[in-house]
Every structure is written in structure tokens, then in C-alpha cells.
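Down below is the structure, laid out as C-alpha cells.
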Amino acid sequence: MEYFWYIVAALGAGIGTGLAGLSAATVMVPILIVLCPSFGGEYGAYQATAIALASDILGSAVTSSVYAKNKKIDLKHGWVMMACIVALSTVGSYAAYVAGNVVLGGFTLILTFCIGIRFLVKPDTSKSGADSSNVHLGWREILISLFFGLTIGFGTGFVGTGGGMMMLVVFTAFLGYDLKTAVGTSTFIMTFTALIGFISHSLIHPAIVLERWNVLLVCIITATAASLISAQFANRVNSKTVGRVTGVILTVLGAAMIYLNYFRDMQLPPVAQEILHTTGVLVLFLLAAVCIALFCFRFLHIGGEVRRKMLHTIAFLLILVLLAASEHWYVPAFLSIVFAVIVYPILRVLEKHPFYTRLFQERASGEVRKSLLLLFGTAAFLITLFWGLAGSRLTVISAVLAWGLGDETAALIGRRFGRHKIGLRFADPGKTWEGSTAMLCVSFLAILLSVTAGGAGLSRALLAAVPGGIVAAFTEAVTKKGYDTVSVPTAASVIIWMALTL
């Protein structure tokens, strides 16, 4: 499970770097120290900071290269700050090692939330008509650069932030850069400060490289790819759009991380603590999934049916995240209902805007909100019945996987390769034998693997997977008007539960 959070953290870090020049630590460190138990030791936050710095090296390099191609880097007036930041970053690195986990972790959590609010309030940080080419590096600018450069340099080494956000503020608010030039210049500087900071951290604490090489590899590759894509996006839209997107991401991320990190200290009943914890995990997953989907829609030119199925994937994975993150059945059941109640009216309002139609490409008006309501209502029912009353969480997990993966495959295979309609009176006239066969095979595998992973023997897993796959495929083929969201997981749950208990 930790590898999932490594990827989420690196994706968030890369997106933040490419969009607004944020250092990887702003996003990565809070996620690693809060959600990854292996980073919970005495020097867990120090190691997380080093990994963030390593991710910043290539991430900032590819980001600055994109901004350079768009002529959005200006070192003519930023060299003083660069010299100060590089000089003080090593000093801050040693101070961070001495300070330890508490100071470092709490600072980054609060900083993430505050930066997000700042961008929501003022998405475009540049002054009206600002142009960095007209900036004169006089005594005032030199003093500003010295003061903030020394401060940011120490902070770079201390919290591993790379100084990106603080440089962004100085460049736009004090030196007159426009937002994109500030981002390009700050990421160029961060390439070098991150390299120095990572080397300093590694020399002081060699276990970062010797014991965490696998985490380093995953985070560096993921963050670099995300930085490249998000930088290309940022250079195609206006500065306000970039600021708003960055503000939303960081505000939600910061709030979720603060809840996850401090909820145990609140004088709340255990149920409320578990709800807060599960909600925080859910928000983090949803944030990462939506960001990935939007970037895929924007850059990969995904067609309507594939786009629909990506949203379908996010929906059923949300249920799996709820099931995995909760200890008691009533928490995911409750949150499923809350999620549907909150999102349904929001989608109803958004349906009036043109971008909603382009994004979801509904077959009928209100299709998405109707499907969402049915899905999460069904999830709450199945969780209550099979986990709450029957005591089998595995039944719900297997059924949701069988429906989610099977229905997705059936739709894609049926539309692309389906040539033979089922043609039976009781079947949906749009369904094909090719699609239903794909549904059967994938549902069978989903049930077999999940039941086996859940601790049941192979014979018991086959006893659940064979009839479960057949029933899931048959139910999907005969269910009309999109109600397979209800019928398939319900039918599969009954079969799986019988196989596991009888």
C-alpha cells in the first residue's frame, strides 16, 4: 500500500512543480510522513525531505526547460538570489538533521495549507502590467534579493522545499516578474539547490540512498513525468487558471494532511476519528485521480467511451479505498451516503455549464449523477448487509472488483470488437457476445484473485469465481437502462458470500 502513496505523492509533487514552481517537498513530505509508516521513525521526515529533493532535481530541470522554450526564464535579475540560496542550503540541511521529525513535519503540513489558501485568494501573483525585462537590479532589489535569498536558502536545506514557493512570492511581489517567468526562473534555480540539498542530506544520512533507493526510483520517475506534462499545460493557459488549479490542489491536500496528522490528538470519539481518517484518505485519492484524469483528457486526446470508463474506474476505486481505509463497516457505509448526497446536487448545478457536457459526454441528461447515486447507494447497502450483518468485507470487495473491472472491459471490448448481438428477448439489445465474454473472463479473474488474496484457499476461490463470473456476466447482459450498477454487484455479492460461507 505504501507504493500507492509514493506514486500519489510524486504525482502531486510533479504537478505542483510544473504548474507553479512548487518544490516537491510541499506535497511529498506530508504524504510520506503521515500515510507511510516506514517514514514514521526518528529521521523519517528527514529521509522524506531528501527523497523530495531528489525528485526536484529532474522535475525542476524538465519544468525549467519547458518554460525556457517559451522564453519564461530571467536570471539577469535573479542571480543574487540564486547565489544566496545555493550558499545557505547546505547549512539548512544540517540544521534539519538536528531538528528532527516534529519540527519538520508540522511545518510542511501547515505551509501546504496556507500556500493553497493564498493562491485561491490571489491566483495571479503578478502585478498589473508586470514585465521582468523592465526590472532594474538597483540597490533596493539587491537588498531584497540578499535578505530573501539567504532566508530561502536556509529554508531550502531545512525543510527541503527547494524554495520554489518563496522564490515565486519574491519574484512576483517584490521584483515584478509575471507568474510564468517567476515559475520558470525559480524552477531553474531549484534544479541546482535540490541537487546540493540532496547531496548534503545523503552525506549526512547515507541510509537515504542505501536503504531507500527503491522509493527514490519510484518518486523520481513519477515526479519528473508529472512535472513535464503539467509544465506544458501551464504554458498553454493563462496565469489565473494556473493559480486557481494550484490553490485548489494545495488547499485540499493541506487540509487532508492536517486532519490525518493531528486527528489522534483531538478529544473525539473513536468513531469520529475513524471517519476523519477515512475521509482524509478518500480526499487524497480523489484529488490524485481527478488530476490524472484531467491531464489524460487534455493531452492524450481520449475518446468519449474511454473517457467515460476512466470516470467509471475512479468511482469504483473510491469504494475500494473506503473499504480498505476503514476498520468498521458503518464508516464506509456512512461515507458512501454522505459522498452521494454532497456530489449529486453539485453535479446537477454543473450540468448547466458547457464544459460539463464536453467532459462527461453523457448519453442522456443526468446520467452521471444518476449513476453515481445508484452506485454509492448500492455500496452502502452491500456494505451494511454483507460486511455489517454477515461479517464478510471480502464479499463486498470481490463483488465491486468483479463489477468494476468486468463492466469496464465489456464496454470497451463490445464497442471495439463486438460483431454479434446477443439477440435474446430478455437481453439488452445493445450487448454483444464478445463484450459479455470479456465480462465473464475479467469478473472470474477479479473474484479468483481477490478471494485468494483475502486468505481463502484456491478451491474456495474457484467455487466463488466460476459461478460469480457467470452470474456477473449474465446479469450485466440482461440489465437495461444502466441499472447494472445495482444489479451486477448485488448478484455477485450473493454468489460470493454463499461460496465463502457454505
Could you report the tightest heavy-atom contact between [X] and [Y], atom names first, then the distance?
| X | Y | answer |
| --- | --- | --- |
| I208 | A50 | CD1-CB, 3.3 Å |
| T452 | L448 | OG1-O, 2.6 Å |
| W387 | E327 | CZ2-O, 3.8 Å |
| D407 | H312 | OD2-CE1, 3.4 Å |
| C219 | A10 | O-CB, 3.6 Å |
| S55 | M28 | OG-CE, 3.6 Å |

Using 0.5 Å steps for rounding, measure from the [atom1] atom of [X] to the [atom2] atom of [Y].
| X | Y | atom1 | atom2 | value |
| --- | --- | --- | --- | --- |
| L347 | I342 | CG | CD1 | 12.0 Å |
| D56 | I220 | CG | CD1 | 10.5 Å |
| R393 | S398 | CZ | OG | 12.0 Å |
| I383 | L322 | CD1 | CG | 6.5 Å |
| I314 | L318 | CD1 | CG | 7.5 Å |
| T17 | L228 | OG1 | CG | 12.0 Å |

Kindly indicate whether the side chain of [X], heavy atoms from C-beta on, has any atom under 4.5 Å from the side chain of [Y].
| X | Y | value |
| --- | --- | --- |
| L375 | W403 | yes |
| L32 | W5 | no |
| Y67 | T181 | no |
| L311 | V368 | no |
| F376 | L335 | no |
| L11 | I7 | yes |
| T191 | T63 | no |
| V215 | F39 | yes |

F334, CZ: over 12 other non-hydrogen atoms inside 6.0 angstrom: no

Dump the intermediate steps for side-chain contact (heavy atoms from CB on, under 4.5 Å) on I397 and L320, then the final yes or no. CA-CA 7 Å; I397 293 174; L320 293 178; 4.1 Å; yes

Could you verify whether a donor N or O on one side chain and an acceptor N or O on the other, from N214 and Y6, lie under 3.5 Å apart? no

Flag for R212-S38: side-chain donor and acceptor within less than 3.5 Å: yes

Any chance you could lay out the side-chain contact (heavy atoms from CB on, under 4.5 Å) test for F339 and T279, step after step, and finish with the verdict? CA-CA 10 Å; F339 183 82; T279 302; over 6 Å; no

Would you check if the side chain of [X] reaches a backbone N or O of [Y] as a donor-acceptor pair within less than 3.5 Å?
| X | Y | result |
| --- | --- | --- |
| S230 | G14 | yes |
| S64 | A61 | yes |
| E274 | H328 | yes |
| T187 | G184 | yes |
| S60 | I57 | no |

